[in-house]
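Since this is a predicted model, take the numbers as computed values, not measurements. Start at 1 with the first residue, then count along the sequence. Heavy atoms only: backbone and side chains are in, while hydrogens, waters and symmetry mates are out.
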Amino acid sequence: MENFPWNPDIPSIVATAPDGPMSGQRGRLGPLLPRKEAMARTNPTLRQRRLGAELRRMREQAGLGGSQLGREVGMNPAQVTQMESGKIGISVERLHTIATTCMCANQPLIDALADVITERGRAGWWEEYREALATDFLDIAELEGHARRLSVYGTTFVPGLLQTGSYTAALFAQAYPPPLRHEVDLKTAFRMQRQRIIRSGAKPYSAFIHEAALRMQFSDPRVNVEQIDALIADSEQPSISVRVVPFAAGAVPSACENFTYAEGPITELDAAQMDTGHGGRLFDSPAHLARFRALLASMDSTALSEEESRDFMRSIKEEMAGKHV
């Protein structure tokens, strides 16, 4: 397989991709939605969709149908449906009216949802890529950008926020059907930009990485050696924890999953994203979130300590380097 070396000149990669979807688009944002209730959205963001999902959950827990809620709060059934899918916005006042109608006594949840509404006009950096990349790419960046803390579990590849550019490019090049070079460069640039949220040290980040992910090769073995070396260096940062689950630990639950767990301002607004062969899947139901928390707790009791993990990664690095001197 052709190795795609990483070009550190991220701005030129994004701006000059030949005939790519970002051509002439760098630095431009679409018009922000006016702060007006019931303005239709063509492509609601992850946070807007989550707000709608929580409102739907609030209504269902109260045993109300969409039409019934609409009559109580002055909305027609179509508006309720659009609100719950994130396609139209609501005011904080309307949120409180809905919460009262649904007899929701969870004030921390109501306050957190009010914050989401208040922040709806603030576009994240990832919005510059909305016309260039699939929604899955934007969703994970938005999920990470608003999280209080991130925990990841990787079984088949190194988690994205800890990947080197060369490793990321090699991983994207493995897609089927084979991508064009400029597509690989664009996606790699986007992933490198995502990493800023943990490089600053402001956001705690914990990674559980299976030995299988460390040994999986997507390109020249030297790329793996470089990647493991970078993991060791990252693991020494105070805000980044890297712990390895070795083969010797035996069978582990969900051995084929790679997921990110993002802690929100309150537990009810936590979320998880899982990578699949057909794109990312998002989970926010209480049952799913409980499962992901249980998986992380299992990894916490199974994985090597941080210092043991560094020693283990050094041994794998030396083994790989020795075979390809």
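In this structure, F190 and W125 have tilted ring planes: the angle between them lies in the 30° to 60° band. Between Y167 and F218, the angle of the ring planes goes over 60°, which puts this pair in the perpendicular group of the 30/60° scheme.
The hydrophobic cluster around M274 extends to Y153, F208, V245, V252, F259, Y261, F283, L289, F292, L295, L296, M299, counting ILVMFWY residues whose side-chain heavy atoms fall within less than 4.5 Å of a member.
Taking S241 as the reference, E306 meet the side-chain hydrogen bond (donor to acceptor under 3.5 Å, both in side chains) condition, with sequence neighbours excluded. Considering only residues two or more places apart in sequence or on other chains, R191 meets the salt bridge (Lys or Arg N to Asp or Glu O under 4.0 Å) condition with none of them. In terms of the side-chain hydrogen bond (donor to acceptor under 3.5 Å, both in side chains) criterion, E72 has no residue partners (sequence neighbours excluded).
Clustering ILVMFWY residues whenever any of their side-chain heavy atoms sit less than 4.5 angstrom apart, transitively, puts L161 in the very cluster that holds V242. No continuous path of ILVMFWY side-chain contacts below 4.5 Å connects L143 to M192, so the two sit in separate hydrophobic clusters. Transitive grouping of hydrophobic side chains (ILVMFWY, heavy atoms separated by less than 4.5 Å) brings M313 and L304 into a common cluster. Hydrophobic clustering keeps V116 apart from L282 (ILVMFWY residues linked when any side-chain heavy atoms are closer than 4.5 Å, directly or through intermediates). In the hydrophobic clustering of ILVMFWY residues, with side-chain heavy atoms under 4.5 Å counting as a link, L46 and L55 come out apart.
Applying the salt bridge (Lys or Arg N to Asp or Glu O under 4.0 Å) definition to pairs two or more places apart or across chains, none involves residues 169-178. Residue pairs meeting the ring-ring contact (aromatic ring centres under 6.0 Å, His included) criterion with at least one partner in residues 52-108, sequence neighbours excluded, are absent.
T156 and N258 share a side-chain donor-acceptor pair at under 3.5 Å. Checking N106 against E268 by side-chain atom types alone, a donor-acceptor pair falls below 3.5 Å. Side-chain contact of S85 with R56: a donor-acceptor pair under 3.5 Å is absent, judged by distance alone.
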- Message: Using the rule given for salt bridge (charged side-chain N to carboxylate O under 4.0 Å, His left out), can you reason through R57 versus E60, listing the C-alpha separation, both sets of side-chain angles and the distance that settles it, and then say yes or no?
- Response: CA-CA 5 Å; R57 209 174 340 257; E60 291 173 346; over 6 Å; no
- Step by step, would you call D234 with R199 a salt bridge (charged side-chain N to carboxylate O under 4.0 Å, His left out)? CA-CA 9 Å; D234 283 336; R199 300 301 178 200; 2.6 Å; yes
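Using a cut-off of 4.0 Å between Lys/Arg side-chain N and Asp/Glu carboxylate O, R215 and E319 are scored as salt-bridged. For D139 and R49, the salt-bridge test passes: some basic side-chain N is under 4.0 Å from an acidic carboxylate O. E144 has no carboxylate O lying under 4.0 Å from a charged side-chain N of K203, or vice versa, which leaves the two without a salt bridge. Between K187 and E183, none of the side-chain N atoms (NZ, or NE/NH1/NH2) sits under 4.0 Å from a carboxylate O, so this pair counts as no salt bridge.
With T118 contributing its side chain and A114 its backbone, the two residues share a donor-acceptor pair below 3.5 Å.
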